[in-house]
Amino acid sequence: MPLSRDQQDEIDAQRAGSAPTRRATVPALEEILYQALPVLDHGFVRVIDYMGDDGAVVQAARVSYGKGTRKVSEDRGLINYLMRHRHTTPFEMCEIKYHVKLPIFVARQWIRHRTANVNEYSARYSILDKEFYVPAPAQLAAQSASNRQGRGDTLEGEAAARVLSLLREDAERNYAHYVEMLNENEAGDAIDKGRVGLARELARMNLTLNVYTQWYWKTDLHNLLHFLSLRADAHAQYEIRVYAEAMLETVKRWVPLVHDAFVQYRLGGVHLSAAGLAIVKRLLAGEKVDQASSGLSAREWRELMASLGRE
Ligand SMILES: Cc1cc2nc3c(=O)[nH]c(=O)nc-3n(C[C@H](O)[C@H](O)[C@H](O)COP(=O)(O)OP(=O)(O)OC[C@H]3O[C@@H](n4cnc5c(N)ncnc54)[C@H](O)[C@@H]3O)c2cc1C
């Protein structure tokens with residue numbers, strides 16, 4: 001369970017309130033505002049705040065004075081056009097703020113996205129919770145033989161059991177050493193009153209990378225879509241992809257027209273190189289093309305054929 005009773009009570013109290021506003025609100029997103037959407041074994045994503053809606057993208061693109069009186073179909077057409085032609089600035093007019101709880105090794109990948117505002121839980125100031133990510137058996141994959149950054153078949157039987165027990169043992173042992181060095185219990189009281197504990201900023205250094213951290217992460221819709229195009233992609237590591245997928249669902253609630261355009265033209269589309277396009281043209285003309293005659297490397301050929309569904 002990613003939330004304690006107190007945390008859930010705080011969320012419920014915030015969800016019970018509402019405030020009148022002249023600004024655009026989106027009922028489907030309001031429905032899940034503040035709620036923790038579970039991800040992995042102890043993580044979550046919560047939408048904390050947002051600004052704008054599909055209309056805000058359209059409004060900025062038209063630089064209009066009010067909401068306008070166009071039909072939804074016209075707004076959809078305009079949003080699709082903007083997405084297709086990478087006219088991106090109107091998407092920057094919408095903002096969203098998330099609260100995310102995630103394993104440290106996932107946070108290291110995530111933080112590479114520099115176009116967001118981030119405030120992370122301070123392990124200099126506070127004690128990290130005893131919560132670590134242990135993959136579900138279905139995610140215990142072997143190293144891929146063909147892709148150095150990928151996963152192969154799933155480990156099974158004794159091999160899987162051994163990996164799970166090592167992950168748990170190492171995390172438990174290191175966390176126990178963390179607490180020993182801190183010499184503090186969860187309430188902040190000394191465990192051994194006759195001993196001085198190590199500073200929190202130092203004691204944390206031996207924790208395993210599967211320990212959970214938390215942050216507030218705010219970004220605009222354009223940069224969020226860039227993040228999702230990389231991290232909701234099938235090639236992204238599973239552990240960050242599941243966060244991206246949860247966030248994509250929030251985008252669907254928030255800006256459905258933008259979501260559909262994004263899925264159509266970015267997430268579900270493919271980018272072809274000039275050589276790749278030439279091969280597609282040759283194939284359409286009925287020519288028989290193989291890797292040797294394509295001029296592509298074996299890897300690029302494999303990727304192109306996978307994109308075309310001809311694996
Ligand atoms: C499948 C995959 C594998 C990866 N493997 C590795 C790896 O092995 N090693 C590794 O170090 N990283 C790796 N990364 C991280 C990757 O290189 C990027 O750092 C990360 O995806 C963030 O992308 P970004 O810079 O486009 O995003 P953001 O930081 O959000 O930036 C968005 C855009 O803003 C612009 N921008 C932002 N900051 C600058 C800047 N300082 N200068 C110029 N333009 C800027 C760029 O156009 C950029 O695309 C991997 C990412 C993926 C998805």
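Because only heavy atoms are used, hydrogens play no part in the values below, and waters and symmetry mates are left out as well, while side chains stay in. In each ligand, atom 1 is the first atom listed, and ligand 1 is the first ligand listed.
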_Filter on salt bridge (charged side-chain N to carboxylate O under 4.0 Å, His left out), then keep only pairs touching residues 206-235, sequence neighbours left out; what's left?_
Glu95-Lys218
_I'd like to know if Asp170 and Arg173 make a salt bridge, using a cut-off of under 4.0 Å between side-chain N and carboxylate O._
yes
*Considering only heavy atoms, which of Thr219, Leu224, Thr115, Ile240 lies nearest to atom 34 (O) of ligand 1?*
Thr115
*Between Arg114 and ligand 1, does any nitrogen or oxygen pair lie at a separation below 3.5 Å?*
yes
*So is Arg231 in contact with ligand 1, going by heavy-atom distances below 4.0 Å?*
yes
*Can you check whether Trp217 and Phe227 have ring centres sitting under 6.0 Å from each other?*
yes
_Could you check whether His99 and Phe44 have their ring centres less than 6.0 Å apart?_
yes
*Min N/O separation His226 to ligand 1 under 3.5 Å*: yes
